[in-house]
Student: 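The following block contains the structure, expressed as structure tokens.
Just so we're on the same page: letters track the sequence lines, and every chain starts at 1.
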Protein chains: 2
Amino acid sequence: MSCTETLPDLDMFTQEEISVAADLLDSVAAMSADSSGVSRPAWSRKETEVLDHLTARAEAEGLAVWSDAVDNRVFSLPEDQGKPDYTLIGSHVDSVPVGGNFDGLAGVIAGLICLIHQRRKGTGFSRPVRVIAMRGEESAWFGPCYTASRALTGGLGADALAAKHKSDGRTLADHMADVGVDLGPVRAGTPLMDLTEIREYLELHIEQGPLLLGDDRAAAVVTGIRGNIRLKDIVARGEAGHSGAVPREYRRDPVMATAQLLSAMDALWADEVSEGTDLVMTTGMIGTDPTHHAMARIPESVSFSFEVRSQSPETLSRVEETFRDKVRAISDRTGVAFDLPDPIRNAPAALDEDVQRGLLDAMEHAGQKRYAMPSGGGHDAAVFANAGVRAGMVFVRSRGGSHNPAESMAPADMMAGASIFLAHITAND
Amino acid sequence: MSCTETLPDLDMFTQEEISVAADLLDSVAAMSADSSGVSRPAWSRKETEVLDHLTARAEAEGLAVWSDAVDNRVFSLPEDQGKPDYTLIGSHVDSVPVGGNFDGLAGVIAGLICLIHQRRKGTGFSRPVRVIAMRGEESAWFGPCYTASRALTGGLGADALAAKHKSDGRTLADHMADVGVDLGPVRAGTPLMDLTEIREYLELHIEQGPLLLGDDRAAAVVTGIRGNIRLKDIVARGEAGHSGAVPREYRRDPVMATAQLLSAMDALWADEVSEGTDLVMTTGMIGTDPTHHAMARIPESVSFSFEVRSQSPETLSRVEETFRDKVRAISDRTGVAFDLPDPIRNAPAALDEDVQRGLLDAMEHAGQKRYAMPSGGGHDAAVFANAGVRAGMVFVRSRGGSHNPAESMAPADMMAGASIFLAHITAND
């Protein structure tokens, strides 16, 4: 696919602006390079350095920059500072450990380049626009995700604040205090900004999937964000035995029982998809215990994860119920017990239909064909949407997966996404 | 089951002989105790100490004892030493690391107690009987199994002799030389004993399975020894991806493909068993890579083992062919590649029908009901059988599995098995 993709027309931005955006991406990659890829830990000094760097570049362009209640950075044209009913364009600057440069950062820079374009043009916006560069979106560092947007919208609970850093064991609250956050209002759970002043929240993100590559498109408008139900550590417990000496009718084999369960769920999934249901399911981890397993031994147990995602809360509930039914039936038939942990649940987020229509119109104004798709991954936009802010998203083509150093995005594709935003926020000008 | 089992009548042996047998089991357990269970490494000093201990006890009972070409110990009544056309009763004295006391040792002591009984009785055998206590049956130490019986029958190849010890890295040949084995004749691959002088080979072994416990029987005559086909490290290779962002039709998920494969083989197995086929299959090991896997990531690969056992070579071939067909079909359908290693093959061993009939008659003479079953595990008896020696086996009830410290056998059950041997070898007296 890599040799045949069609680069988008980018006549809304000047060549110099395209270079500025590419240079912003490169300069942040350089300052956060790890052994491979980049590492920008959530709520770290490195994250602050990146925000300071973006602040300096924005100020050099004549933009206004300020810190919010959790030391995210907010950018606007000088004349728009303080004006209500603003469009907020944002994403996050942190990354997973040894991750890619574009997950999060592309959304911040796409917003910034819209402000820089308008500032250089000198005409201003008819309706105010702000860009926000957020901290701490990735769950890889503390466990909880979307920590900055949840704090801003009043939804960062005590459990999340008490979550411990993967390396130093200090809590998220400790790390937030390190960067100067006043934790009192965060713990109180009230929004740290006036959400009613936000006209709409827009976020650009790399797709993290193969659809745009497969369809040879640079960008898409997102229709909704899949929620998920996650069972992290299911244990199927049977009975160990000699692989040659125990006949079938005496076995309680947890691997065979788990294979039956996953195969049955896979068949159900195929049926649902053929009927048009939005659904994905994944067992990302499975394993017998290496300290006990052997080729000639029926294992006593096997552990595995199971995750279901859908845009529809009804689908999530239905599939979870079916999963539990099948667990019971297979357990009855095989004598293998399945220990099911409490599920982690993340609700799907509806993206605003008016905003979607506006972004699709903007795609056309930017010279791109209308194209819409769901988001499989979760994003800060889901937090704003579930807090009652009208939200919209744009995806841009990426390759090499995400959350790893091979993650890759052409700056031209990011600019195609930024063009949609620019066309949208200047639609009435 | 443990409280209701029926202990066998043992009126062929005196109470004192039953005590001698139990004391032999206990004394060997004591001298080879590990942190838990016992460890009697193949071709080790400890193994030699056990053989020396059995030698001293046998000599104290007035038996003749000598070493063979690989320093196994051979026992007989003094008057039978050197006589051809003998019945050979044997098993092995080594154990797996931190294993049970009875796997192997019970077969040696069952033979010895027959000799001790007849020596104490003073009547001798009408046809000569020898007992052999062998070394190195377990594969846990070097990889190859049945090393002593394969050496005796001329079948211990160069690959096995070059296999390295799990701990010290020295070869099996090095360890055999340590105990005084002349390796020239072993390497030459000619039998180290005159196999035509053996009238029949008999081996008693713990069952290592649940059938005798389930049927409340102390012992059984073995009908044949299952062969096996083993694929140790199959790797299913798909494509990694974000668990939310990759739709079903774009996935190449190795875990779902493997679940389909194992589930299909399990269904085939159920059909075969319902038609009376002797067949077991086991995936003892499965795992995604813990350094890469995550709940929210489609794994790029999963590794697993697959083993099939049957008494029928035709069944083994047919199931292997079906397995390969299903691998191809699932690979075509899912885009997941399965890397299949070269199979390890162990042929089934036919136990001699005349010997089986004789042992079943002997069961009746010993006051037990006729009962026959296949052997799931491999044993030295298979080596003698495949070398053209008429062979027979008796299983005795055991619990707690095998190859672990929980392995358990009542000495009375071992004596029930020994009664079958005693009735058989004195049938014409």
Student: Between A:P254, A:G377, A:A264, which has the largest tally of heavy atom pairs under 4.5 Å with chain B?
Tutor: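 Highest number of heavy-atom pairs under 4.5 Å: A:G377.
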Student: Could you tell me whether a side-chain N or O of A:T288 sits under 3.5 Å from a main-chain N or O of B:I286, the two making a donor and an acceptor?
Tutor: yes
Student: Taking all heavy atoms of B:G214 and all of A:Y250, pick out the closest pair and write down the distance.
Tutor: CA-OH, 4.3 Å
Student: Select one option (side chain, backbone, both, neither) describing which atoms of B:M265 are under 4.5 Å from chain A's heavy atoms.
Tutor: neither
Student: Chain A: which of B:P374, B:G401, B:G244 shares the most heavy-atom pairs with it under 4.5 Å?
Tutor: B:G244
Student: Where on B:S402 is there a heavy atom nearer than 4.5 Å to chain A: the side chain, the backbone, both, or neither?
Tutor: side chain
Student: B:A240 versus chain A, heavy atoms under 4.5 Å apart: side chain, backbone, both or neither?
Tutor: neither
Student: Kindly indicate whether the side chain of A:M256, heavy atoms from C-beta on, has any atom under 4.5 Å from the side chain of B:M281.
Tutor: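 In short, these two side chains touch, coming nearer than 4.5 Å.
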Student: Pick whichever of A:N228, A:D278, A:V273, A:L211 has the most heavy-atom pairs under 4.5 Å with chain B.
Tutor: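 Going by pairs under 4.5 Å, I would pick A:L211.
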Student: Are there over 12 heavy-atom neighbours, none belonging to A:D342, within less than 6.0 Å of that residue's CG?
Tutor: no
Student: Between B:S243 and A:E307, does any side-chain donor sit less than 3.5 Å from a side-chain acceptor?
Tutor: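 Looking only at side-chain atoms, A:E307 and B:S243 do form a donor-acceptor pair, the distance falling under 3.5 Å.
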Student: Heavy-atom distance under 4.5 Å to chain A: side chain of B:V246, backbone, both or neither?
Tutor: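 Interface part for B:V246: both.
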Student: Run the salt-bridge test on B:D266 and A:R248 with the 4.0 Å N-O cut-off and return the result as yes or no.
Tutor: yes
Student: Between B:L279 and chain A, which part of the residue has a heavy atom less than 4.5 Å away: side chain, backbone, both or neither?
Tutor: neither
Student: B:P247, B:S310, B:G241, B:S305: which one forms the most heavy-atom pairs within less than 4.5 Å of chain A?
Tutor: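 Among the listed options, the one with the most contacts to chain A is B:P247.
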Student: With respect to chain B, which residue among A:D289, A:N404, A:T283 yields the maximal number of heavy-atom pairs within a distance under 4.5 Å?
Tutor: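 The candidate making the most pairs under 4.5 Å is A:T283.
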Student: Determine, step by step, whether A:T282 and B:R251 satisfy the side-chain contact (heavy atoms from CB on, under 4.5 Å) criterion, reporting the C-alpha distance in whole Å, the side-chain angles of both residues, the deciding distance to 0.1 Å, and the verdict.
Tutor: CA-CA 10 Å; A:T282 308; B:R251 293 197 181 205; 2.7 Å; yes
Student: Side-chain contact, heavy-atom cut-off 4.5 Å: B:V255 with A:L262?
Tutor: yes
Student: Taking B:H292, B:M373, B:E239, B:H242 one by one, which has the highest count of heavy-atom pairs under 4.5 Å against chain A?
Tutor: B:H242
Student: Could you grab the distance from atom CE of A:M295 to atom NZ of B:K232, nearest 0.5 Å is fine?
Tutor: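 One finds 5.5 Å between CE of A:M295 and NZ of B:K232.
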Student: So which residue, B:A270, B:S303, B:G378, ends up with the most heavy-atom pairs under 4.5 Å with chain A?
Tutor: B:A270
Student: Using a 4.5 angstrom heavy-atom cutoff, name the option from B:A267, B:A257, B:G284, B:G376 with the most pairs to chain A.
Tutor: B:G284
